Amino acid sequence: MTDQRFDPSRADGHWQHAWEDRQVFVADDASERPRCYVLEMFPYPSGRIHIGHVRNYTMGDVLARYKRLTGHEVLHPMGWDAFGMPAENAAIEKGVHPGEWTRSNIANMKAQLKRLGMAFDWSRELATCDPEYYGHEQAMFIDFYEAGLVYRKESAVNWDPVDQTVLANEQVIDGKGWRSGAPVEKRKLSQWFLKITDFAQELLDGLGTLDKWPEKVRVMQENWIGKSTGLQFSFALSNGESLEVYTTRPDTIFGSSFVAVAPDHPVAQAVAASNCDAAKFIEQCKKGGTTAAELETAEKLGFDTGIGAKHPFTGEYLPVYIANFVLMEYGTGAIMAVPGHDQRDFDFATKYGLPIVRVVAPDAAAADAPLSEAEAGDGVLVNSGFLDGMDVASAKQAVIDRAVGEGWGEGRTVWRLRDWGVSRQRYWGAPIPFIHCDACGVVPVPKDQLPVVLPEDVDISIPGNPLVRHPTWKHVDCPKCGAAAVRETDTLDTFVDSSWYFLRFASQPTDRPFDPEVVKKWMPVDQYIGGIEHAILHLLYARFWTRALARIHQLDVKEPFASLFTQGMVTHETYSRREGDREVFFSPDEVDRSGGGAVLVADGAKVDIGPVIKMSKSKKNTVDPDSIIERYGADSVRWFMLSDSPPERDLPWSAAGIEGCWRFVQRLWRLFGQYDASVQGTDQALDRQVHKTIAAVGEDIEALSFNKAVARIYGLTSAAEKAAPSATRSEAIRTILLLVSPMMPHLAEEAWAAMGQDGLIADAAWPKADPALLVDEEVTIAVQVKGKLRDTLTVAKGLPNADLEALALASEKVQRSLDGAEVRKVIVVPDRLVNIVA
RNA sequence: GCCCCUGUGGCGGAAUUGGUAGACGCGCUCGACUCAAAAUCGAGUUUCUUUGAAGUGCCGGUUCGAGUCCGGCCAGGGGUACCA
């Protein structure tokens, strides 16, 4: 075998072609081997893959290759989440058609992924912008409509009054439109919704079955679904009407000092009809965007309607306000406000001089302790009539019981989860397959006319949805009555596209979205890997879509992802500066960071260094891996992605370190060159380490703890390098090759061939650890005095406690440290430590 | 604002899940080889007032023993329903 350097520029391409020619990674639906579906979240084709993608796909690739070696039939597909806003932005900025831009990005990124040696089954590649794909999606949407899971209602959007267009939340910066700079307003539009709330209980219960999901993701989803039980009751109003409110804290009812309704609540609307000031106030509430963060942090504003609401216990009349912080979408759109025990109510009461009453206190003696902020914690009820002395839970129940008994209210379950609004007033998405007819109303497009194809001849340069102003596309005849009608011009949220792609990967018939029989063979996904930023929305929507299909009997799977791994994000500093009203971002390769500060290479002017945050296209803080692959080869890059950082943790990008990986690749190459199957002799210590490493690396890969596997491989490599030639050493070298093969597949194939082994290493078998060699005969015992380490002892494994104690007390260092003090207690942990308490 | 997470040497991190803190790697320093460089190999590398002591963001608690458990803070990040 050669002792020259490993040359990735030659080897990488050679083996990539070998895998492709032999169709090594094409999954066989009919295979009898145990199946394994490994899936990484498919990328948005932004143009170039970035380091975050490389990290994500390397992890999945190592697992997929490992599973093949352990005898599984592996499905490891890749495709493109190809609809979305950046394509429209590129069209505006560069004058390229979104479709053209997207398709050329896909071609680039596919080539980049191939250069990394990813073991994808490219025969199943799909792009969500293909009419073939979104046509099936439109069919499912119509099925959901017919099953009563789709409806239309009014809902608020961010409206840019200058550009006369709907803005995404990301396009609203400091309350202003990103292009026009005009203050954004809320505007109501009639939009399409999916009834995800029908599945709230199911989605919540399902979390209990997902024991291979990270706890934190389940907690986040549980909080997002937000099941609460409380009291819904009605206030009698001074104008003779009544007002339904919902509260999760009925126990604090005696602390209620005002009532508040949402600006779009019927009571508010009624007041505004006869009161200009109220109408003006409601108008004012329309200022600003629609995000929860914006609504929650906005200054609390209210308008006193002059109406009174009669307190059900005290009979007192509480003032009814219209308040900007009350949401029409949650509960009844009206609240009983308790300033003492809800911070929002506290802020509001402080501003408008309303009473702040304590009704929960740490103990009865603190009943009149002043409140400097709302106290939401547990305690005992005070200043609350018949509730005094009760704890919070009993008081809640007592109030609900009274309300039910007296007939003015009842216990109710309320969910924070809202129905999924899927309408987007945008071009680059799947058209919603419906037709508006004056006579027949909303009519689904007949299935034999699907897909409703997006027209290519559109003008993107003007703000707004080009489908609306397209001269011909939207004009059709009503499928029901034949009269002139118009197509729906809203397109589907791109989260719809990503809610079922994993089913299409498993099965791709032409006449329907998937074949449920084939899907059943592969699903659920055995290991799903993606960014933690998708913990709630994407994962919840995909769970919903799967369950919705199951409910209409099109699928026999409820939870799509059996095991989830959320990798940390690859992060990087941002570079920006203000140009006029706008903040302009620059990419790391446009910036010179060498002088301590940051300077733009193009004009030598300073730019601001922003926080270290997730890499994103909009902040331009991405790093292109291509130059690194070119210089060091795919294996060094892959190894680097797996080393050091635990995969669930964020990885702050730095270029330092890749050199070390390159050196290790060469070090392995030299070691593999020393393989000699003819040498005789055994090396017991090395044999033990070989088998321990086999066991540990297998466990580490299964747990996706690649950084630990890497550290163990370093350890075995060092040991093998130092060992004298023996049959054991040759076996160790061959084992190391197999262990690194999922991580460095090109080097592995090259060395495998050079060693004269049969076939591809991609088709080889993972080594088996001998359990007898995994246990040590000697252990090192820590000897502590009063919890401080004083000595260590090397003893036979399994030595009785009394012997350990005697040995520890005999230690000279222990005696010196005890200094004649009386031994009061000795704690012995077998095979681990002795702690002497004096 | 709210929900979730993270915090350990110069850097990425490890720590058998309550039992020897700093494995392994990067970087750096010194040495070997070389006319020289690259590559490679060897040694060292938490801090300090170094026979010892301190030390895992900060303050406190539980324990024979805390990076790990509990309470309270601080800082950074993710999500917050139209970025994907």
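In the text below, chain A, chain B and the rest are named by the order of the sequence lines, each starting its count at 1. From a predicted model like this one, the values you see are computed outputs, not experimental measurements.
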**Student:** Report the distance from atom NZ of A:K708 to atom P of B:U17, rounded to the nearest whole Å.
**Tutor:**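 One finds 11 Å between P of B:U17 and NZ of A:K708, rounded.
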**Student:** Suppose you measure atom P in B:U47 against the same atom in B:G9; what distance do you get, rounded to whole Å?
**Tutor:** 11 Å
**Student:** Any strand is fair game: report the nucleotide pairing with B:U50 by Watson-Crick or G-U wobble, both distances under 3.5 Å, or none.
**Tutor:** none
**Student:** Please name the nucleotide paired to B:A36 by Watson-Crick or G-U wobble geometry with both distances under 3.5 Å, or report none.
**Tutor:** none
**Student:** Could you identify the nucleotide paired to B:A81, looking across every strand shown and requiring Watson-Crick or G-U wobble geometry with both distances under 3.5 Å?
**Tutor:** none
**Student:** With respect to the side chain of A:R816, which nucleotide from B:G52, B:U16, B:C4 is positioned closest?
**Tutor:**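 My answer, after comparing the listed nucleotides, is B:G52.
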**Student:** Is A:R218 near enough to B:C5 that one of its side-chain N or O atoms lies under 4.0 angstrom from OP1 or OP2?
**Tutor:**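 False: A:R218 side-chain N/O out of range (4.0 Å or more) of B:C5 OP1/OP2.
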**Student:** Give a yes or no answer on whether the side chain of A:N465 reaches the backbone of A:T489 with a donor-acceptor pair at less than 3.5 Å.
**Tutor:** yes
**Student:** To the nearest angstrom, how far is A:W178 atom CH2 from B:C83 atom P?
**Tutor:** 11 Å
**Student:** B:G13 P sits how many Å from A:M641 CE, rounded?
**Tutor:**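 Atom CE in A:M641 sits about 13 Å away from atom P in B:G13.
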**Student:** Tell me if B:U17 is syn or anti. Syn = glycosidic torsion within 90° of 0, anti otherwise.
**Tutor:**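 Classified syn.
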**Student:** Between B:G7 and B:C59, how many Å separate the two C1' atoms, rounded to a whole number?
**Tutor:** 16 Å
**Student:** Of all the choices, B:C24, B:G19, B:A81, which nucleotide is nearest to the side chain of A:A711 once you look at every atom?
**Tutor:**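 Taking heavy atoms from C-beta onward, the closest nucleotide is B:C24.
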**Student:** So what does A:G421 hit on the nucleic acid, given a heavy-atom distance under 4.0 Å: a base, only sugar-phosphate, or nothing?
**Tutor:**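 It contacts sugar-phosphate atoms only.
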**Student:** Please write out the pairs of protein N or O atoms and N or O atoms of nucleotides 38-48 of chain B separated by less than 3.5 Å, giving the distance to one decimal.
**Tutor:**
none

**Student:** Say you pick atom P in B:U56 and the same atom in B:C4; how far apart are they, in whole Å?
**Tutor:** 27 Å
**Student:** What's the shortest heavy-atom distance between A:G177 and A:V184, and which atoms?
**Tutor:**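 The pair with the smallest heavy-atom distance is N-CG2, 3.5 Å.
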**Student:** Contact class for A:V219 vs. all strands (heavy atom < 4.0 Å): base, sugar-phosphate, or nothing?
**Tutor:** sugar-phosphate
**Student:** Check every atom of B:G12, B:U80, B:G78 against the side chain of A:M569 and return the nucleotide holding the closest atom.
**Tutor:**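 So the nucleotide nearest the side chain must be B:G78.
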**Student:** Is A:A535 touching bases, backbone alone, or none of the nucleic acid, heavy atoms closer than 4.0 Å?
**Tutor:**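 No contact at all - A:A535 keeps every heavy atom at 4.0 Å or more from the nucleic acid.
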**Student:** So, is A:R649 close to the B:G7 phosphate, meaning a side-chain N or O under 4.0 Å from OP1 or OP2?
**Tutor:** yes
**Student:** Once the angle between the rings of A:Y44 and A:W101 is folded into 0 to 90°, is it parallel (under 30°), tilted (30 to 60°) or perpendicular (over 60°)?
**Tutor:** tilted
**Student:** May I ask you to say what A:N169 touches in the nucleic acid, namely base, sugar-phosphate or nothing, with a heavy-atom cut-off under 4.0 Å?
**Tutor:** sugar-phosphate
**Student:** I want to check one thing: is the phosphate of B:A84, taken as OP1 and OP2, less than 4.0 Å away from some side-chain N or O of A:T494?
**Tutor:** yes
**Student:** Which nucleotide in the set B:C83, B:C64, B:C5 lies at the smallest distance from any side-chain heavy atom of A:K216?
**Tutor:**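 Out of B:C83, B:C64, B:C5, the nucleotide with an atom closest to A:K216's side chain is B:C5.
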**Student:** To the nearest 0.5 angstrom, please state how far the CG atom of A:N158 sits from the CG atom of A:L167.
**Tutor:**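 Answer for the CG-CG pair, A:N158 versus A:L167, is 6.0 Å.
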**Student:** Under 4.0 Å between a Lys/Arg side-chain N and an Asp/Glu carboxylate O for A:D493 and A:R424?
**Tutor:**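 Salt bridge flag = yes for A:R424 with A:D493.
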**Student:** Between the side chain of A:Q221 and the main-chain N/O of A:R218, is any donor-acceptor distance below 3.5 Å?
**Tutor:**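 The answer is no, because no donor-acceptor pair under 3.5 Å joins these two groups.
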**Student:** For nucleotides B:A37 and B:A15, find the distance between their P atoms and express it as a whole number of Å.
**Tutor:** 40 Å
**Student:** Now, which nucleotide makes the Watson-Crick or G-U wobble pair with B:U6, with each of the two distances under 3.5 Å?
**Tutor:** B:A75
**Student:** Does A:T792 or A:R424 map to a spot on RNA chain B nearer the 5' end, using the closest nucleotide for each?
**Tutor:** A:T792
**Student:** Using a cut-off of 4.0 Å on non-hydrogen atoms, how would the nucleic acid contact of A:Q191 be classed: base, sugar-phosphate, or nothing?
**Tutor:**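 Base: the residue A:Q191, judged by heavy atoms under 4.0 Å, touches a nucleobase.
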**Student:** For a quick check of understanding: with a heavy-atom distance under 4.0 Å over all strands, which category does A:V157 fall into, base, sugar-phosphate or nothing?
**Tutor:** base
**Student:** From C-beta outward on A:V837, which listed nucleotide comes closest to its side chain: B:A84, B:G1, B:C64?
**Tutor:** B:C64
**Student:** Using a heavy-atom cut-off of under 4.0 Å over every strand shown, decide if A:F495 touches base, sugar-phosphate, or nothing.
**Tutor:** base
**Student:** For A:W224, answer base if it contacts any base atom (sugar-phosphate contacts may also be present), sugar-phosphate if it contacts only those atoms, and nothing otherwise; contact means non-hydrogen atoms under 4.0 Å.
**Tutor:**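 If one applies the 4.0 Å heavy-atom cut-off, A:W224 turns out to touch a base.
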**Student:** Using atom CD of A:E648 as one end and atom C1' of B:G13 as the other, report the distance to the nearest whole Å.
**Tutor:** 11 Å
**Student:** Going by purine N1 to pyrimidine N3 plus the second Watson-Crick contact, or the G-U wobble pair, all under 3.5 Å, which nucleotide sits opposite B:U68?
**Tutor:**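 Across any shown strand, B:U68 pairs with none.
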**Student:** Closer than 4.0 Å, any side-chain N/O of A:N707 to the OP1 or OP2 of B:A14?
**Tutor:**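 Affirmative; the distance criterion is met.
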**Student:** Does A:T780 reach a base, just sugar-phosphate, or nothing at all? Heavy atoms under 4.0 Å.
**Tutor:** base
**Student:** List the steps and the verdict of side chain to side chain donor-acceptor pair (under 3.5 Å) for A:T291 and A:N169.
**Tutor:** CA-CA 7 Å; A:T291 67; A:N169 288 334; 5.5 Å; no
**Student:** Whether the side chain of A:S645 engages the backbone of A:P647 through a donor-acceptor N/O pair (distance < 3.5 Å, no angle test) should be reported.
**Tutor:**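 No, A:S645 side chain to A:P647 backbone: no donor-acceptor pair under 3.5 Å.
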**Student:** Using the C1' atoms only, state how far B:A75 lies from B:C83, rounded to an integer number of Å.
**Tutor:** 26 Å
**Student:** Using whole Å, what does the distance between atom P of nucleotide B:U20 and atom CD1 of A:I781 come to?
**Tutor:** 11 Å
**Student:** Taking only N and O in the side chain of A:S645, is any of them less than 4.0 Å away from OP1 or OP2 of B:G13?
**Tutor:** yes
**Student:** Could you check whether A:E299 pairs with A:K351 (Lys NZ or Arg NE/NH1/NH2 to Asp/Glu carboxylate O, under 4.0 Å)?
**Tutor:**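 Yes, charged N to carboxylate O under 4.0 Å.
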**Student:** From CD1 of A:I532 over to P of B:G79, roughly how many Å is that when rounded to an integer?
**Tutor:**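 After rounding, the reported distance stands at 10 Å.
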**Student:** Once the angle between the rings of A:H53 and A:Y57 is folded into 0 to 90°, is it parallel (under 30°), tilted (30 to 60°) or perpendicular (over 60°)?
**Tutor:** parallel
**Student:** How is A:V166 classified with respect to the nucleic acid when contacts are heavy atoms under 4.0 Å: base, sugar-phosphate, or nothing?
**Tutor:** base
**Student:** Scan A:M41 against the nucleic acid and name what it touches under 4.0 Å (heavy atoms): base, sugar-phosphate only, or nothing.
**Tutor:**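 Here A:M41 touches no strand at all.
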**Student:** I want to check something: taking the side chain as every heavy atom from C-beta on, are A:Y134 and A:V496 in contact at a cut-off of under 4.5 Å?
**Tutor:**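 Contact flag for A:Y134/A:V496 side chains = no.
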**Student:** So what does A:P646 touch, heavy atoms closer than 4.0 Å: a base, only the sugar-phosphate, or nothing?
**Tutor:** sugar-phosphate
**Student:** Between A:Q343 (CD) and B:C3 (P), how many Å, whole number?
**Tutor:** 12 Å
**Student:** What's the gap between B:G52 and B:G72 when it is taken at their C1' atoms, as a whole Å value?
**Tutor:**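 Roughly 35 Å separates the two C1' atoms.
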**Student:** According to the interplanar angle, ranging from 0 to 90°, do the rings of A:Y501 and A:Y528 count as parallel (below 30°), tilted (30 to 60°) or perpendicular (above 60°)?
**Tutor:**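 Tilted: the ring planes of A:Y501 and A:Y528 meet at 30° to 60°.
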**Student:** For B:G19 versus B:C2, give the span between their P atoms, rounded off to a whole number of Å.
**Tutor:**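 It comes out at 35 Å once rounded to the nearest Å.
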**Student:** State whether the distance check finds a donor on one side and an acceptor on the other, under 3.5 Å, for side chain A:N835 versus base B:C64.
**Tutor:** yes
**Student:** Using a cut-off of 4.0 Å on non-hydrogen atoms, how would the nucleic acid contact of A:S423 be classed: base, sugar-phosphate, or nothing?
**Tutor:** base
**Student:** In terms of base orientation, is B:U6 syn or anti, with the syn window spanning 90° either side of 0?
**Tutor:** anti
**Student:** Is the distance from OP1 or OP2 of B:A53 to the nearest side-chain N or O of A:K788 less than 4.0 Å?
**Tutor:**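 No.
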**Student:** Just to be sure I understand the rule, does A:Q784 reach a base, reach only the sugar-phosphate, or reach nothing, if contact means heavy atoms closer than 4.0 Å?
**Tutor:** base
**Student:** In whole Å, measure the gap between the P atoms of B:C3 and B:G65 for me.
**Tutor:** 35 Å
**Student:** What integer distance in Å separates A:E699:CD from B:U16:C1'?
**Tutor:**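 Result: 11 Å.
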